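Structure first, commentary second.
If you're wondering where the values come from, they're calculated on a predicted model, not measured in any experiment. Below, chain A is the first sequence line, B the second, and so on; all start at residue 1. Every heavy atom of this structure was used, including side-chain atoms; hydrogens, water molecules and symmetry mates were not.
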Protein chains: 4
Amino acid sequence: MGSDTIEHIFGAAVCVFAESGFERARMDEIARRAGVAKGTIYYHFKSKEELFVALMNNGMERLTAYLRRRLAQVEDPQEQLGEILDAQVRYLYDNGTFAKLLISEVWGSIERQRVFRARIRDLVSIIEEVIRRGEKEGSFRTLKVQETAVAIFGAISVAVLQELFRFEEQERQDVKEERIPDLVRNLETLIHHGLIYKEAE
Amino acid sequence: MGSDTIEHIFGAAVCVFAESGFERARMDEIARRAGVAKGTIYYHFKSKEELFVALMNNGMERLTAYLRRRLAQVEDPQEQLGEILDAQVRYLYDNGTFAKLLISEVWGSIERQRVFRARIRDLVSIIEEVIRRGEKEGSFRTLKVQETAVAIFGAISVAVLQELFRFEEQERQDVKEERIPDLVRNLETLIHHGLIYKEAE
Amino acid sequence: MGSDTIEHIFGAAVCVFAESGFERARMDEIARRAGVAKGTIYYHFKSKEELFVALMNNGMERLTAYLRRRLAQVEDPQEQLGEILDAQVRYLYDNGTFAKLLISEVWGSIERQRVFRARIRDLVSIIEEVIRRGEKEGSFRTLKVQETAVAIFGAISVAVLQELFRFEEQERQDVKEERIPDLVRNLETLIHHGLIYKEAE
Amino acid sequence: MGSDTIEHIFGAAVCVFAESGFERARMDEIARRAGVAKGTIYYHFKSKEELFVALMNNGMERLTAYLRRRLAQVEDPQEQLGEILDAQVRYLYDNGTFAKLLISEVWGSIERQRVFRARIRDLVSIIEEVIRRGEKEGSFRTLKVQETAVAIFGAISVAVLQELFRFEEQERQDVKEERIPDLVRNLETLIHHGLIYKEAE
DNA sequence: GATGAATGAGGTTTCATTCAT
DNA sequence: GATGAATGAAACCTCATTCAT
């Protein structure tokens with residue numbers, strides 16, 4: 001069936017793009033792994049670039065949706081921040097390929113940032129909203145909302161990525177259930193309360 | 001003088017690599033901007049890869065040295081963390097090209113992480129040392145040292161990068177002196193004290 | 001009705017072939033403009049080549065038929081030559097797309113000349129017959145019949161083509177009724193009497 | 001030597017383009033026949049298109065120069081027209097590959113006509129000048145100058161092309177010295193005096 | 001030390017054609 | 001009769017690297 005083909009292409013593409021990066025990824029390899037002819041990819045996507053953009057949009061939309069779903073489950077801003085941390089760590093950990101691409105291909109290139117501007121906005125603004133609500137409520141410190149949200153996003157992403165690079169695929173699955181809560185707890189403490197034990201004033 | 005040639009090549013290479021990324025960067029373009037023939041680059045560097053590695057090592061060494069120098073100027077761990085924040089923000093802001101490469105080419109690729117493992121260790125361990133000292137002293141919270149250091153590194157890098165992408169080259173110089181302190185102050189508060197205004201217990 | 005489909009395909013094909021030339025013409029585009037699926041074209045024509053040949057044969061047959069019809073209306077060889085001139089100019093002018101293909105795809109390629117040999121013969125021999133009749137009657141100069149016929153054919157075709165390229169589609173319709181007689185009159189004088197005003201002897 | 005390489009590429013390109021037409025001509029084949037690597041062609045010419053344009057400009061410039069040289073040898077407009085006929089027939093006959101390309105690729109395509117507009121103008125205007133001089137002198141009939149020049153150009157080109165297609169390469173060389181004068185004489189009579197033996201009035 | 005013409009493997013993309021529905 | 005998703009051969013072009021000067 002038609003939709004099946006696209007699924008296969010998507011599946012193969014995430015892997016190959018993540019393994020090799022956008023430039024080094026070869027359409028041949030994507031086709032081979034998807035079990036379709038090279039031409040078939042071009043029947044569905046105009047170019048390598050378009051395939052990549054479709055893929056990343058898909059991944060970012062799903063991450064956004066997942067974050068919003070998790071967010072809806074709690075009311076208190078502090079708890080919401082916790083949910084976001086846990087959700088983002090979990091999603092990036094489970095979609096390691098996507099995480100790599102997000103950092104290396106989207107975050108580090110101005111052209112790509114332009115292409116994905118809207119989706120990045122969506123993602124960052126979820127964190128922003130929580131920060132704003134916390135501030136209004138009086139439980140959060142007053143900070144530059146956007147800068148802070150981006151920094152939090154960066155802290156989580158880079159931390160997860162580093163973690164992913166430390167273990168090989170198989171090993172990762174084994175330790176996953178103990179590593180994720182650890183990671184989340186650590187980031188949560190850092191972001192909630194900071195490094196300094198007791199505030200001076 | 002011969003060393004002059006290498007300087008020119010280095011200067012051109014950082015720009016081109018940062019503008020286009022490693023893969024898309026063309027040796028032709030580097031040669032053109034350096035004002036030398038393509039063969040000359042190959043006389044000094046065995047390959048594109050080697051040129052890139054030399055370049056990044058250089059940049060990371062300089063960042064490391066700069067951080068250490070700044071660190072030596074204060075004693076208190078909390079102030080040291082402040083110095084690191086300011087130093088890293090400033091260096092990445094001033095070397096925007098290098099910052100981009102650090103995120104997109106080094107941080108996001110496992111092969112590159114392997115190549116630069118030692119330098120990354122150096123960089124991250126500076127933050128780690130400060131955290132350990134703060135903990136021992138009792139003024140810092142007890143956290144997973146490495147994970148925290150990486151998260152802080154990520155928070156700073158992504159925040160600066162985002163900032164860099166918001167302004168064009170020229171404009172950047174104009175607002176630099178007011179933006180950097182703003183950025184640093186915000187990151188400092190976040191990392192020192194976290195988002196939550198008052199600790200519950 | 002089925003024949004309707006073929007009409008649509010033919011109509012789209014002339015346009016696309018003429019706009020892009022045989023090689024650059026894409027079956028996709030022909031199908032799109034004909035309002036049918038690509039497979040439908042292949043249901044009716046074995047290949048792109050076959051579609052093209054069918055198309056050109058059709059056009060050449062119609063030109064031949066038209067020339068013969070016009071020729072039958074007058075008796076005198078000189079008048080017949082005039083009729084041919086007028087008829088060929090008119091037909092090529094009205095079927096600009098066909099005219100282009102005749103020059104670029106049929107006339108300029110030996111393989112195509114082989115394929116259309118018979119039709120080209122038909123076309124050229126109409127002119128040849130008139131020349132022969134004129135010679136026999138004594139009113140025409142004695143010349144190499146075939147070479148002369150081909151030269152006349154070329155003069156008319158290239159002149160009309162040049163004219164067609166000078167005006168855009170719409171504009172062409174507006175000036176058509178004044179340009180065609182002008183063109184014909186000029187060619188007629190040239191071919192009937194030559195450039196030289198008074199023969200020496 | 002460098003210039004040698006370009007000569008080889010040019011030589012191979014005319015042949016391949018003429019044999020197969022622009023679209024079907026393969027760069028691989030041109031490279032093979034030129035005895036260079038494919039990349040070498042791209043080192044000297046940015047694209048297939050650019051190679052083709054360079055080639056045709058070269059050919060048209062040489063034809064123009066040759067026509068002007070021949071023209072300068074006689075004074076009388078009627079003799080000049082004869083020279084042009086002889087020169088053009090001879091050049092196209094000797095450069096059959098170029099002749100084919102002129103008709104099929106340049107003359108029959110509006111895009112190409114645009115690209116070569118200036119060179120085509122040069123070529124046609126040589127004939128125009130002779131016609132104008134003849135008119136002024138009173139020895140030539142008054143006709144639309146441009147249209148007439150184009151028609152003459154077309155008559156000659158198509159006639160030569162047809163002749164070229166009738167003989168294979170080798171055979172052509174053998175009959176060349178008797179065929180060219182025949183062709184020229186016939187065209188000369190046609191264009192000088194027209195088909196009609198005696199003017200009626 | 002420095003040059004730049006030449007290389008050729010390798011990549012993306014195109015598109016006529018097929019075939020199961 | 002008609003469809004359109006799928007194919008894969010083939011073409012253009014890129015560019016890191018080499019080497020004779």
Practice problem: Please confirm whether R24(C) makes a cation-pi placement over F17(C), using NZ or CZ under 6.0 Å from the six-membered ring centre and within 45° of the ring normal. | Solution: no
Quiz item: Nearest of dA16(E), dT12(E), dT7(F) to any side-chain atom of M27(C)?
Solution: dA16(E)
Quiz prompt | N/O (side chain, T40(C)) to phosphate O (OP1/OP2, dG1(F)) under 4.0 Å | solution = no
Quiz item: E49(C) and V53(C): side-chain contact (heavy atoms from CB on, under 4.5 Å), yes or no, with the steps?
Solution: CA-CA 6 Å; E49(C) 178 75 21; V53(C) 170; 3.9 Å; yes
Exercise. For K48(A), answer base if it contacts any base atom (sugar-phosphate contacts may also be present), sugar-phosphate if it contacts only those atoms, and nothing otherwise; contact means non-hydrogen atoms under 4.0 Å.
Key: sugar-phosphate
Quiz item: Does the base of dT13(E) carry an N or O that pairs as donor and acceptor with the side chain of K46(A) under 3.5 Å?
Solution: no
Self-check item: Spacing of F52(B) atom CZ relative to dA16(F) atom P, expressed in whole Å
Solution: 14 Å
Quiz item: Okay, side chain of K100(C), backbone of N95(C): is any donor-acceptor separation there less than 3.5 Å?
Solution: no
Quiz item: Using a cut-off of 4.0 Å on non-hydrogen atoms, how would the nucleic acid contact of A25(D) be classed: base, sugar-phosphate, or nothing?
Solution: sugar-phosphate
Quiz item: Between E23(A) and K48(A), does at least one N-O distance fall below 4.0 Å, as a salt bridge requires?
Solution: no
Quiz item: Which of these nucleotides, dA6(E), dT3(F), dC13(F), is closest to any side-chain atom of K38(B)?
Solution: dA6(E)
Quiz item: What's the CD-P distance between E23(C) and dT14(E), to the nearest Å?
Solution: 17 Å
Quiz prompt | Euclidean distance, atom CD1 of residue I30(A) to atom C1' of dT12(E) [Å, nearest integer] | solution = 11 Å
Quiz prompt | L51(D) CG - dA11(F) P separation (whole Å) | solution = 16 Å
Quiz item: Could you state the CZ-P distance from F45(B) to dA2(E), rounded to the nearest angstrom?
Solution: 12 Å
Quiz item: Does dC15(E) pair with anything, Watson-Crick or G-U wobble, both distances under 3.5 Å, and if so, with which nucleotide?
Solution: dG8(F)
Quiz item: Which base, if any, makes a Watson-Crick or G-U wobble pair with dA2(F), both distances under 3.5 Å?
Solution: dT21(E)
Quiz item: Charged N to carboxylate O below 4.0 Å: is that the case for E29(A) and K38(A)?
Solution: no
Quiz item: What is the distance from CG of D28(C) to P of dT18(E), rounded to the nearest Å?
Solution: 15 Å
Quiz item: Counting side-chain heavy atoms from C-beta on, which of dG4(F), dT17(E), dT7(F) comes nearest to A37(C)?
Solution: dG4(F)
Quiz item: Where each residue is assigned the nucleotide of DNA chain E containing its nearest heavy atom, which of G35(B) and E49(A) is assigned the position nearer the 5′ end?
Solution: G35(B)
Quiz prompt | Distance below 4.0 Å between S47(A) side-chain N/O and dT12(E) OP1 or OP2 | solution = no
Quiz item: Separation of Y42(A) atom OH from dT17(E) atom C1', in whole Å?
Solution: 20 Å
Self-check item: Closest to side chain of H44(C), choosing from dA2(F), dT7(F), dG10(E)
Solution: dA2(F)
Exercise. Calculate the interatomic distance between R32(B) atom CZ and dC15(F) atom P; express it in whole Å.
Key: 14 Å
Practice problem: When you get a sec, tell me which of dA16(E), dC13(F), dG1(E) is the closest nucleotide to the side chain of R26(C)? | Solution: dA16(E)
Exercise. Is it possible for you to check whether R114(D) lies under 6.0 Å from the centre of the six-membered ring of F165(C), through NZ or CZ, and within 45° of that ring's axis?
Key: no
Practice problem: Using only side-chain N and O atoms of T5(B), determine if any of them is under 4.0 Å from OP1 or OP2 of dG1(E). | Solution: no
Quiz item: I41(C) or F22(D): which one's nearest nucleotide on DNA chain F is closer to the 5' end?
Solution: I41(C)
Exercise. Assign each of G39(B) and R24(D) to its nearest nucleotide of DNA chain F by heavy atoms, then name whichever residue's nucleotide is nearer the 5' end.
Key: R24(D)
